[in-house]
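A quick write-up on the structure given underneath.
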Amino acid sequence: MKWTQTLIPTLREAPSDAEIVSHKLLLRAGLIRKLAAGVYTFLPLGLRSLRKIETIIREEMDRAGAIEVLMPALQPPEIWQQSGRAETARDVLFKVKDSSQREWYLSPTAEEVITTLAANEINSYRQLPKNFYQISPKFRDEIRPRFGLMRAKEFIMKDAYSFDTTDDGAMASYKKMYDAYTRIFARVGLKAFPVEADTGVIGGNYSHEFMVPAETGENDVAFCEACGYAANIEKATSGIPKTAAREIGAAVEKFATPGVVTIEALAKEPYKVPANRQIKTLVYVADSKVILILVRGDDQLNETKLAAKTGAVQVRPATPEECVATLGAKPGSLGAVVKVPADVKVYADERLQGANDMTTGANEDGFHFKNVSIERDIKVTAWFDLRTVTAGEPCGKCGKPLKIRRAIEVGHVFKLGTKYSEKLNATFLDVDGSRKPSVMGCYGIGVTRTLQAVIEQGNDKDGVIWPLSVAPYQVCITPLSVVPESEPMKLAEKFYAELTARGVDVILDDRDERPGVKFKDADLVGFPIRLALGEKSLLKGEIEVKPRNGAVQFVKTENAVEAVLKLIADNGVVAPAA
RNA sequence: CGGAGCGUAGCUCAGCCUGGUAGAGCACUUGCUUUGGGAGCAAGACGUCGCAGGUUCGAAUCCUGUCGCUCCGACCA
């Protein structure tokens with residue numbers, strides 16, 4: 001490709017609405033342009049990288065035995081009602097109406113469609129297992145699009161859905177995808193690692209996310225360097241000990257705490273009740289039912305765990321008015337010892353099991369109880385792990401301290417079980433003649449997000465540093481004179497032809513620009529290898545070969561093509577084991 | 001949806017407080033010079049100051065509404 005024939009609108013300054021480095025570079029390097037919040041056009045260079053990522057994904061999905069299909073973006077609401085997700089996924093569904101006022105959903109994912117297909121087309125165990133995948137635009141009514149392609153209203157996702165006859169088969173399918181994902185991210189040059197994850201409204205009971213460490217990520221991951229344990233903070237557990245039991249003390253005693261409405265205030269003079277001897281009582285509304293949550297004063301409730309453990313679709317903190325209506329006191333004086341309505345369930349964090357000599361609100365503004373023994377004085381409906389793990393806690397597996405870091409989620413694999421196949425009647429006849437629902441799994445990769453993650457991970461002050469495997473072009477030839485028939489231009493054309501013939505992706509910067517401009521642009525876009533052809537070095541019979549992230553080398557012109565091919569071979573695409 | 005902020009040239013932004021001629025840098029066009037890391041000089045083109053209403057002799061500037069965008073939070077398959 002000749003630079004002047006394509007469109008590479010580089011920017012010296014980033015538009016002010018770009019916040020993080022990868023978003024700025026996507027715009028500055030001329031890869032994408034924003035049409036509206038969370039909605040982007042891919043320019044020629046951005047599209048080339050996107051296609052390369054897609055190609056890698058296709059190769060690895062095909063290698064793993066998955067088969068490609070293409071499902072519609074327009075989906076009828078009926079199948080979403082059938083699966084139950086019309087309700088549970090309501091908030092992210094894009095809904096459109098056609099001219100006859102019929103409603104459609106724009107696909108945020110395709111469990112319903114593929115399961116409907118399987119229900120119609122798969123009748124026998126002989127047809128299983130199957131794994132269908134597609135790469136297509138997806139739509140989510142994100143309440144707050146952010147960070148360019150990271151969280152967009154429209155984005156490209158690879159989604160795959162496996163169907164098996166047995167749970168073991170489903171597990172094997174899951175493992176294949178897990179391994180394929182590992183290879184995919186390695187090939188696109190991303191340091192991504194799998195972590196245990198919550199399943200959210202997708203459902204199912206077993207799940208891993210593939211995470212790219214990055215400070216700008218929107219997820220926290222807890223991990224143990226000693227034993228390799230890693231989990232999304234929404235799911236992570238630790239080996240932190242339960243609250244130490246003391247001697248069973250006297251009966252519960254009320255004491256005045258005027259104006260004290262925080263854990264911290266109660267921990268100070270004159271009360272001096274340490275946070276770890278307090279019970280924090282939280283009022284929540286789970287699917288429109290009021291519930292009480294008890295966690296230790298120095299712990300934070302993990303809402304994802306709460307939803308997962310209680311099976312609620314939606315949980316939210318109660319308003320102060322709802323608290324008063326339920327317990328008769330405002331937040332800050334709440335407790336579960338007295339005045340808990342019979343129909344209000346009380347869920348307590350396991351760390352409180354056996355705790356006594358605790359202090360908690362008295363459900364009377366300005367008063368607390370002390371000497372509370374949780375099992376003696378509080379009617380706990382159920383014990384769950386509900387707290388959020390913090391850095392430094394002992395790993396639940398090996399006891400070494402856990403660390404926490406930010407990460408970008410680029411892939412997610414789920415074992416779904418029969419949730420969708422049962423609801424949408426995706427059944428098959430087994431060997432013994434019995435009809436069974438297929439055991440499913442689903443597997444997503446955020447393709448556009450992966451592209452941005454590559455940039456977030458590979459950049460310096462001058463611009464993008466692409467892995468060879470996904471760079472828009474592998475080599476940029478930069479003649480410092482573009483006068484036709486000039487020595488630099490003639491050689492540039494020759495290298496262009498030869499490298500192209502050898503299967504290398506080359507762009508020739510034939511713009512009549514000053515060298516500085518061309519070099520700056522080449523660095524900004526981040527082509528992995530740059531060939532500079534200037535009068536000075538040509539007089540010595542040399543050209544300049546410069547890897548984007550390495551040192552300049554001068555090479556005899558006759559050896560230049562081989563030098564480039566060697567660089568590509570040395571730093572090239574990770575060749576995954578078959 | 002709650003909180004905060006911003007909409008002025010293609011991009012980054014000044015001007016607004018204290019109403020009166022719409023500006024700078026970069027980018028763009030032409031010419032000359034320059035030519036190994038975002039050149040110099042000269043000339044030029046580019047604006048319904050987001051939109052609508054109001055106040056005023058007069059509004060980019062003050063007021064009201066509205067739309068869009070960004071950030072924090074809720075949310076996040």
Side-chain angles (χ1 to χ4, degrees), chain A residues 9-20 23-24 27-28 30 33-39 80 83 85 88-93 107-112 138-148 150-153 155 157-161 197-204 207 209 217-219 232 234 303-304 307 313-317 319 408-409 411-414 416 419-420 441-446 449 461-463 478-483 486 488 509 511-524 530 532-539 543-544 546 552 554:
Chain A
T10 56
L11 299 173
R12 193 183 298 214
E13 292 174 280
S16 57
D17 53 8
E19 194 69 13
I20 64 176
H23 186 194
K24 288 179 181 168
L27 293 164
R28 287 190 58 210
R33 282 295 182 266
K34 182 173 79 174
L35 180 62
V39 181
W80 285 77
S83 73
R85 289 208 301 175
T88 58
R90 165 171 33 108
D91 292 344
V92 296
L93 278 173
S107 175
T109 173
E111 281 80 6
E112 284 79 5
K138 299 291 188 299
F139 302 85
R140 288 186 195 168
D141 190 2
E142 293 289 352
I143 53 184
R144 190 176 160 205
R146 231 194 286 225
F147 299 153
M150 283 295 176
R151 178 166 296 283
K153 283 177 182 289
F155 58 98
M157 183 166 95
K158 186 285 302 178
D159 45 328
Y161 308 89
D198 179 66
T199 54
V201 297
I202 278 276
S207 170
E209 288 165 335
E218 298 187 76
N219 298 271
N232 191 309
E234 296 174 342
E303 290 191 2
T304 307
V313 171
Q314 207 171 30
V315 298
R316 63 164 175 88
T319 61
I408 299 163
E409 177 193 351
H412 202 158
V413 293
F414 298 82
L416 286 176
K419 169 179 169 177
Y420 293 91
C442 73
Y443 319 94
I445 291 178
R449 181 184 284 183
K461 64 176 171 46
D462 293 316
T478 307
L480 298 187
S481 161
V482 294
V483 177
S486 71
D509 188 353
R511 292 176 300 167
D512 186 12
E513 285 286 355
R514 299 168 60 82
V517 173
K518 293 186 166 196
F519 290 146
K520 285 288 184 189
D521 272 348
D523 287 346
L524 176 57
R530 188 186 72 206
L533 314 185
E535 304 280 359
K536 284 180 198 165
S537 49
L538 285 182
L539 284 176
I543 67 161
E544 172 188 317
K546 183 178 181 311
V552 180
F554 292 93

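FYI, side chains are in, hydrogens and waters are out, and symmetry mates aren't considered; it's all heavy atoms of this structure. Since the structure is predicted, the reported quantities are computational estimates derived from the model, not experimental observations.
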Measure from the side chain of A/I143, starting at C-beta and using heavy atoms only, and say which of B/C72, B/C75, B/G38 lies closest.
-> B/C75

Is [X] touching bases, backbone alone, or none of the nucleic acid, heavy atoms closer than 4.0 Å?
X	result
A/G534	base
A/R28	base
A/R530	base
A/S537	base
A/K34	sugar-phosphate
A/D521	base
A/E234	nothing

Given atom [atom1] of [X] and atom [atom2] of [N], what is their separation to the nearest angstrom?
X	N	atom1	atom2	result
A/L27	B/C69	CG	C1'	14 Å
A/R144	B/C69	CZ	C1'	12 Å
A/L533	B/G37	CG	C1'	16 Å
A/R90	B/C75	CZ	P	14 Å
A/E142	B/G73	CD	C1'	15 Å
A/D512	B/U29	CG	P	12 Å
A/R146	B/C75	CZ	P	12 Å

When you match A/E19 and A/H412 each to their closest nucleotide on RNA chain B, which lands nearer the 5' end?
-> A/E19

Under the 3.5 Å rule, do the base of B/U34 and the side chain of A/R514 count as making a donor-acceptor pair?
-> yes

Sugar-phosphate or base contact per nucleotide [nucleotides 9-15 of chain B; S, B, -; heavy atom under 4.0 Å] | --SSS--

Ignoring hydrogens and angles, tell me if any N or O in the side chain of A/K518 forms a donor-acceptor pair with the backbone of A/P479 under 3.5 Å.
-> yes

